[in-house]
Every structure is written in structure tokens, then in C-alpha cells.
Amino acid sequence: FEVASRASSALFSLSAVILLGSYLIKTKNPSQARFISNCLLGGTAFSFTFLYLARRFCKYMPPQFILSPFNFLFSNRAIAEISAEVNEKSLNQLILKYGDDHPDIFRGSFRDACNAARGQSKVVMVCMISKSHQDTDKFCRQVLFNSELVREYVNEHFVLVVSDVETIEGYKLSQELDITTFPHISIVHPNGTIILQLMGHRSELQLIQELTNLEQHPLYQALQENQSANLAAQNQLEIDRILREEQEQAYQESLAQDRERAQLQEQLLLEEERRKREEEEKQQEQERREREKKLELKRKKENLPPEPTSGEILSLAFRMPNGKRLQRKFAAENAVQVLYDFIDTHPDNPNENHLPYSLFSSFPKKHFVASNSTLKEAGVPNHTVLDLIYD
């Protein structure tokens, strides 16, 4: 219909040009104007006649002699687009009328369906219908649609092409497959060889039985063997892929474990280095303190005043925590710090760790803090015993 409409539009446009030309010539040459007017009337009549015949013939079975001139006038791409649009519209009308419960219908040309079937190792099932045929409605409603058995079997074994003979693509396909009875089913090999043709209406069980008997056909068996081989190859490829993924996963897990072990080893090494460094620093700090303590004791010993022989003298005793006593004489003018220096530098001092301590008198109970105050100022009594008590 679209092709006929385009041709009619072209003829109408031509008639309009002729009418315009006749109007321009009328003022100069009346005889030529009459001739052009007659041509206009004849062209208009021919246009209406052509449009009527084209619509009438194209409605049922467009003859090839009509399509060939338009294939010449219009590009192949335009004809293909028109045919695809008409086929899609026809399929949508079928689905809208009979529902969505149907086998998967291939949307595309017959050649595309053959290519798809070749890739899937299947055969093409061409279902050709005619809307004007009396068996079409019953076949579509009971077999092609609304049959779970037919749907599952066709989806598993075939690439289904549904076409209406009243469309351009359907008519071409009916000419190629020599289809004259409707509804019609042709089983076609992907290379174009017709394997089986089923003409006329049949029930879903009859159709399944006939399609099942098709499995004994050599071409169909060859396709099934090819499909089995392809399936086995695909399964092997899938197994290989899974194996590669498992190997890759195991390799990645091994790498991750190696990285974790390396990181743990590195952390242990860093921790060991840190511990050694801390021990060395601690040892160095301890050695430094011991050196400073020895230097301080040496200084105290060198600065310790000798026992007085004259002047005001205090005779003192020091009771150690271990029970030992240390005795010495001090001048009353000596600082209280001298008492601590004497104890710190005495060889019998039990305080090897140099713990802090204080000196106390018993009677009266008094604490003598290390300071630069003299013994006299601090009130240290003569002939007394001072107790060394750790802080």
C-alpha cells in the first residue's frame, strides 16, 4: 500500500505540473492549452485507476510485475524498510488479537532467521497464514497461540518465522517456498533446503507428532549432531573457563597469602628492630645514668670535707636499713648535704640502686632534709643516731 501511495503521489504531482503549464500557455496558444488540458484529464483518470487497481491487487497477493517497477524507481533500502514495517505491524496485530502466549517469533527477514538458525544449529519453521482464510483464526487461537506444548517444543527446536501472505515479505516468501494452501508450515534448513511442508489446519497434537517424526530426517539429524557437538564444545569451553577462573582465583589467593606473609614478616622484622632499638636506647640510657652517678659520687667523695680535729664537732652515727651502722665526725658548720654525701660515698652503703632516702632522728623525731643549711642551723644534735629510711 505504501508503494502504491508513493506512485499515486508522483502521478498527482505530474498532473499538477501539467495543469500549471497549461495555464501558462493558454494566453499564448489556445490549441496547445486544450491539448495539455486533455493530457491532465487523462493523467488524473489514469492516476485514480492505477491507485484503485494497486490497492485491490496488493491487498491479497501483490503480483511481481507491480513490485518490479517500484524496485527500480525506489531504492532497495526503502522497499526493505517498508516491508519490515508492514511485517512488524502484522505481527503486532496477531499478538494483540490472540495474546502473548506463543512461541518466540523471530523479528526480521527470512534470511536473518536462517543465519540465526545456523548459529544455534536449529532449523527454521516458517508459519505462513492468510487472514482471509477460514482456518486461520482456529489455527492461531488453538495451535500457534495458547498452547504450552507447541510453545515449548518450537522454542527448543526451531527458529520460528510467522508471516502473512498479504504482506510484501510474506508474498515473496510464499513464492520462494511454493505455498498455496493456508495455514502452511515449512521446515527449512539454514541453507534454504525445504525439509518438510505441512499444509492446512491441524491440531497441536498432530503438529507435535509430525514435527517429532521430523527428527528421523537426515538433514535434521545432521543439525542435531552439529548442535550436540556445539553444545559439547560450549560445555568444554565453559568447563575450561571455570577451571581457568578457579586457577586464577587460587593463584590470586596464593598471591594474597604470600603478600600477607611478607607483610607479617616485615612487621615482625620492624617490631624486632624497634624492640632492639628500644633495648639499646634503654641500655645506653642506663649506662649514661650509671656514668653520671659514678661521676656524681666521685665528685661528692672529692668534695667531702675531712673529719674535723678542732672546733665544734658533732659525732654522729647512721643506722642503715640492713642494720649496719656508719660513724663519723662532722664540723657543726658542715652542710646537711654533707651527711648524705658521706652515706652515698661510703663503701658499706647498701643502697646500690641509689634509691631516694631521708635521715631522721629518733629522740626527738625530726626529719633532716638534704640542704645547704649547716648542721647547727638544722639542729642536728651531737652524739645521736640518724636512721636512713627510703622514701
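Ring geometry for Phe158 against Tyr153 counts as tilted: the plane angle lies between 30° and 60°, on a 0 to 90° scale.
Counting all heavy atoms, side chain and backbone alike, Val161 lies closest to Ala113 at CG2-CB, 3.4 Å. The two residues Asp104 and Leu160 make their nearest non-hydrogen contact at O-CB, 3.5 Å. Heavy-atom minimum distance, Lys324 versus Asn322: N-OD1, 3.2 Å. A pairwise comparison of heavy atoms in Glu333 and Lys376 identifies OE2-CD, 4.5 Å as the closest pair. Nearest approach of Leu388 to Ile343, heavy atoms of both residues: CD1-CG2, 3.6 Å. Nearest heavy-atom pair, Ala117 versus Val123, reported as atom, atom and distance to 0.1 Å: CB-C, 4.2 Å.
Judged purely by atom type and a 3.5 angstrom limit, Asp135 has no side-chain atom pairing as donor or acceptor with the backbone of His201. For Asp178 (side chain) and Ser174 (main-chain N/O), no donor-acceptor pair under 3.5 Å exists by modelled atom type. Not one N or O on the side chain of Arg151 forms a donor-acceptor pair closer than 3.5 Å with the backbone of His102. At least one donor-acceptor pair closer than 3.5 Å links the side chain of Lys366 to the backbone N or O of Ala378. Of the possible donor and acceptor atoms, one in the side chain of Tyr357 sits under 3.5 Å from a partner among the backbone N and O of Tyr340. Without hydrogens or angle criteria, Asn155 side chain to Pro103 main chain gives no donor-acceptor distance under 3.5 Å. Although no hydrogens or angles enter the test, the distance criterion places a donor-acceptor pair under 3.5 Å between the side chain of Thr345 and the main chain of Asp341.
In this structure His189 satisfies the ring pair (Phe, Tyr, Trp, His ring centres under 6.0 Å) test with no other residue, sequence neighbours excluded. In this structure, Lys298 has no salt bridge (Lys or Arg N to Asp or Glu O under 4.0 Å) partners at least two apart in sequence or on a different chain. Every residue was checked against the salt bridge (Lys or Arg N to Asp or Glu O under 4.0 Å) condition with Arg244, not counting sequence neighbours, and none meets it. Listed by chain and residue number, His367, Asp391 satisfy the side chain to side chain donor-acceptor pair (under 3.5 Å) test with Ser358 (two or more places apart in sequence, or in another chain).
Counting non-hydrogen atoms of other residues, nucleotides and ligands closer than 6.0 Å to OH of Tyr251 gives a total of 12 or fewer. Heavy-atom contacts from other residues, nucleotides or ligands closer than 6.0 Å to CD of Glu272 number more than 12.
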Return a table of donor-acceptor pairs under 3.5 angstrom between the side chains of residues 259-270 and protein atoms on other chains or two or more places apart.
unit_1, atom_1, unit_2, atom_2, d
Arg261, NH2, Asp258, OD1, 2.1

For a quick test of your reading: what N or O donor-acceptor pairs under 3.5 Å do the side chains of residues 86-93 make, sequence neighbours left out?
unit_1, atom_1, unit_2, atom_2, d
Asn87, OD1, Thr167, OG1, 3.2
Asn87, ND2, Ser83, O, 3.4
Glu88, OE1, Arg107, NH1, 3.3
Glu88, OE2, Arg107, NH1, 2.4
Asn92, ND2, Glu88, O, 3.1
Gln93, OE1, Lys131, NZ, 2.7

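The closest side-chain heavy-atom distance from Asp164 to Met128 is not below 4.5 Å. Residues Ile194 and Ile187 form no side-chain contact, since every pair of their non-hydrogen atoms from C-beta on lies 4.5 Å or further apart. At least one side-chain heavy atom of Ser361 sits less than 4.5 Å from a side-chain heavy atom of Phe368. Side-chain atoms of Leu359 and Val369, non-hydrogen and from C-beta on, never get closer than 4.5 Å to each other. Counting only heavy atoms from C-beta outward, the side chains of Val154 and Met125 approach each other to under 4.5 Å. Looking at heavy atoms from C-beta onward, Leu144 lies out of side-chain contact with Val150 at the 4.5 angstrom threshold. Cys127 places a side-chain heavy atom less than 4.5 Å from the side chain of Ile129.
With hydrogens and angles left out, the side-chain atoms of Glu204 and Ser147 include a donor and acceptor closer than 3.5 Å. Using a 3.5 Å distance cut-off with no hydrogens or angles, the side chains of Ser362 and Asp387 do pair a donor with an acceptor. Checked by atom type, the side-chain pair Gln142/Asn146 shows no donor-acceptor distance below 3.5 Å.
Checking Gln286, Lys293, Glu285 one by one against Arg289, the side-chain contact (heavy atoms from CB on, under 4.5 Å) holds for a single residue, Glu285. When each of Ile179, Leu198, Val126 is checked for a side-chain contact (heavy atoms from CB on, under 4.5 Å) with His184, only Ile179 meets the rule.
Contact check on Arg202 versus Glu210 returns a salt bridge, with a Lys/Arg side-chain nitrogen under 4.0 Å from an Asp/Glu carboxylate oxygen. Using a cut-off of 4.0 Å between Lys/Arg side-chain N and Asp/Glu carboxylate O, Lys172 and Glu176 are scored as not salt-bridged. Salt bridge Glu245/Arg241: present, at least one basic N to carboxylate O contact under 4.0 Å. Salt bridge Arg275/Glu271: absent, no basic N to carboxylate O contact under 4.0 Å.
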Check the pair Gln252 / Glu248 against side-chain hydrogen bond (donor to acceptor under 3.5 Å, both in side chains), numbers first and verdict last. CA-CA 6 Å; Gln252 294 297 333; Glu248 180 65 19; 2.7 Å; yes

Assess the residue pair Gln283 and Glu279 against the criterion (side-chain hydrogen bond (donor to acceptor under 3.5 Å, both in side chains)); give the C-alpha distance rounded to whole Å, side-chain angles, the decisive distance to 0.1 Å, and a yes or no. CA-CA 6 Å; Gln283 182 67 22; Glu279 290 180 354; over 6 Å; no

Please report the C-alpha distance between Leu316 and Val380 in whole Å, then the side-chain angles of each, then the deciding distance to 0.1 Å, and finally whether the side chain to side chain contact (heavy atoms under 4.5 Å, CB included) criterion is met. CA-CA 9 Å; Leu316 302 175; Val380 178; 3.9 Å; yes

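In summary, the aromatic rings of His346 and Phe342 are positioned with their centroids under 6.0 Å apart.
A cation-pi contact links Lys365 to Phe360, judged by a cut-off of 6.0 Å to the six-membered ring centre and 45° from its axis. Taking the ring centre of Phe145 as origin, the terminal cationic atom of Arg141 falls outside the region bounded by 6.0 Å and 45° from the ring axis.
Considering CG of Leu375 and CD1 of Ile313, their distance stands at 12.5 Å, rounded to 0.5 Å.
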